[in-house]
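Computed over heavy atoms, backbone and side chain alike; hydrogens, waters and symmetry mates excluded. Here the structure is a predicted model, which is why all the values come from computation and not from measurement. Both ligands and their constituent atoms are indexed starting at 1 by order of listing.
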Amino acid sequence: MRRHHRLIALSLAALAGAACLGAPTPLELELPAQFPPMHVPEDNPTTVEGVALGRQLYYDKRLSPDASRACADCHLQAQSFSSTGGVGVLPHVNLAWSESFLWNGATEGTLEDAMHMEVNEFFGTDVALLREPDLEELFRAAFGDPEPSTDRAALALAQWQRTLTSGNSRDDQYVNGDLSALSESEIRGRDLFYSERGECFHCHATRLFTDNQFHNNGLDAEVAGTGRAAVSGRSLDDGSYKTPTLRNIAQTAPYMHDDRFSTLEEVIAFYSHGMVYSPSVDALMQNVHEGGPHYSEQEQADLVAYMGALSDEEFLSAPALAAPVAAE
Ligand code: HEC
Ligand code: HEC
């Protein structure tokens, strides 16, 4: 039901897009059950028209200076807005709760700050390419002024990002009382995930499945100066990376910041018996000197199964999150 409200609001926005004359319409974002409150900056309230502009820009190649690529070329909805279009492409899901962005957290602050970085530094957007009637109309509807700017583009992209919330996986249905939503293997995997033998939940924490912190989870023995340490300069951050969310994790292969694992089976085998010691390795990486806690074959299969229960099919296929089409 919740998601349906969003769909209706967004498609009305698209309908209104061409003709709307009044002030932008506030968009009340309904959050999945048990999610923490979402912080929305006062100077960039979420509006129907702002989200419509952000969505258009996300899918629009004119955002790049030679009109060669769009955000969505690397961030594909069906893959939880990740892809294999680059190394370690991070998904766009529930980023409204993040305060540091990129694997090493080089960009800190709000989603607005992150989108400023993406537009101005990563893409180097040329505003001249945005001065076209269709986009000017969307800028006018969102900001009351048809003049495009990279600042407004970033604000609209941040609003759009706040609509990329995923919280309707089978695991959510289970948590919300539908005990038949998970198989027996998935329930065993879940129990292990939340146990002191598994330890997963400490870092892949809350309903966001990330603590939005940085950890060295034991991938490499030589870690000096890598990961978060490249930003902070602190040796205790050597080899530490932003904890990735596990939402829609079955859709985001390959895995880890350098894409070293192709499958979830490989990831779980790593946590079972493939971890290696380094001085900054997180204290939660149990038995790291022996590679890990050595899960049984059944335990590993159960953990893989549980990962698959974190996919939110509605999010991965919601029309409101897909590329806008003129006739919508
Ligand atoms: C060529 C592929 C590519 C394109 C195009 C692209 N990205 Fe990304 N994106 C990546 C990769 C790779 C990462 C991870 C980089 C890192 O952390 O070092 C990433 C990470 C991000 C993150 C950080 C997510 C997090 O969890 O911290 C955000 C936000 C983001 N991209 C937004 C955008 C936006 C907005 C656009 C369009 C302006 C865009 N990206 C275009 C490849 C791309
Ligand atoms: C100490 C914190 C911590 C613990 C405990 C932990 N993880 Fe992770 N996990 C991370 C970090 C950090 C990464 C990213 C590391 C990198 O790419 O360098 C990660 C990566 C992953 C990935 C790949 C995500 C992606 O998008 O590439 C999966 C899957 C995963 N963990 C599952 C688990 C499971 C299952 C457990 C329990 C057996 C677990 N994690 C325990 C911190 C942790």
Please write down residue, atom name and distance for the protein heavy atom closest to atom 37 (C) of ligand 2. Cys200 SG, 1.9 Å
Counting from 1, what ligand 2 atoms have a heavy atom of Val267 closer than 4.0 Å? 28 (C), 29 (C)
Return the option from Glu299, Met256, His202 holding the heavy atom at the smallest distance from atom 20 (C) of ligand 2. Met256
Option nearest atom 29 (C) of ligand 1 (shortest heavy-atom distance, choices His116, Gln161, Met115): Met115
Using a strict cut-off of 4.0 Å, indicate which atoms of ligand 2 neighbour a heavy atom of Ile268. 35 (C)
So the atoms of ligand 2 within less than 4.0 Å of a heavy atom of Met285 turn out to be 1 (C)
Taking both backbone and side chain into account, is any N, O or S atom of Cys74 nearer than 2.8 Å to atom 8 (Fe) of ligand 1? no
When only distance counts, is Tyr271 in polar contact with ligand 2, meaning an N/O pair under 3.5 Å? yes
Short N or O distance, His204 and ligand 2, threshold 3.5 Å exclusive: yes
Numbered atoms and elements of ligand 2 in range of Tyr295, under 4.0 angstrom, heavy atoms: 38 (C)
Under 3.5 Å, N or O to N or O, is Leu264 touching ligand 2 that way? no
Among Thr46, Asn94, Leu29, side chain to side chain contact (heavy atoms under 4.5 Å, CB included) partner for Met38: Leu29
Checking contacts here: is it the side chain or the backbone of Asp258 that comes within 4.0 Å of ligand 2, counting heavy atoms only? Could be both or neither. neither
For Val51, run the side chain to side chain contact (heavy atoms under 4.5 Å, CB included) check against Thr163, Leu157, Thr25 and tell me which one passes. Thr163
I need the atoms of ligand 2 closer than 4.0 Å to a non-hydrogen atom of Cys203, numbered in the order shown. 1 (C), 2 (C), 3 (C), 4 (C), 5 (C), 42 (C), 43 (C)
May I ask you to identify, for Leu95, whether its side chain, its backbone, both or neither come under 4.0 Å of ligand 1 on a heavy-atom basis? side chain
Under 4.0 Å between heavy atoms, the region of Cys71 that gets near ligand 1 turns out to be both
Can you label the angle between the Trp103 ring and the His257 ring as parallel, tilted or perpendicular, going by 30° and 60°? perpendicular
Polar proximity ligand 1 side, Trp103 side, N/O cut 3.5 Å exclusive: yes
Any N or O on Glu118 sitting closer than 3.5 Å to an N or O of ligand 1? yes
Below 4.0 angstrom from a heavy atom of Ile249, which ligand 2 atoms are there? Numbered from 1 as shown, please. 24 (C), 25 (C), 26 (O), 29 (C)
Using a 4.0 Å cutoff against the non-hydrogen atoms of His257, which atoms of ligand 2 qualify? 16 (C), 17 (O), 18 (O)
Out of Phe201, Tyr194, Phe261, Tyr255, whose heavy atom sits nearest atom 25 (C) of ligand 2? Tyr255
Which option wins on minimum heavy-atom distance to atom 7 (N) of ligand 1: Arg69, His75, Glu121? His75
Please work out whether any backbone atom (N, CA, C, O) or any side-chain heavy atom from C-beta onward of Phe122 is under 4.0 Å from ligand 1, and answer side chain, backbone, both or neither. side chain
Which segment of Ala70 sits under 4.0 Å of ligand 1 when only heavy atoms are counted: backbone
Tell me the contacting part of Leu219 for ligand 2: side chain, backbone, both, or neither, using a 4.0 Å heavy-atom threshold, strictly below. side chain
Is a side-chain donor-acceptor pair under 3.5 Å present for Ser169 with Asp171? no
Ligand 2 to Glu199, heavy atom cutoff 4.0 Å, flagged ligand atoms 5 (C)
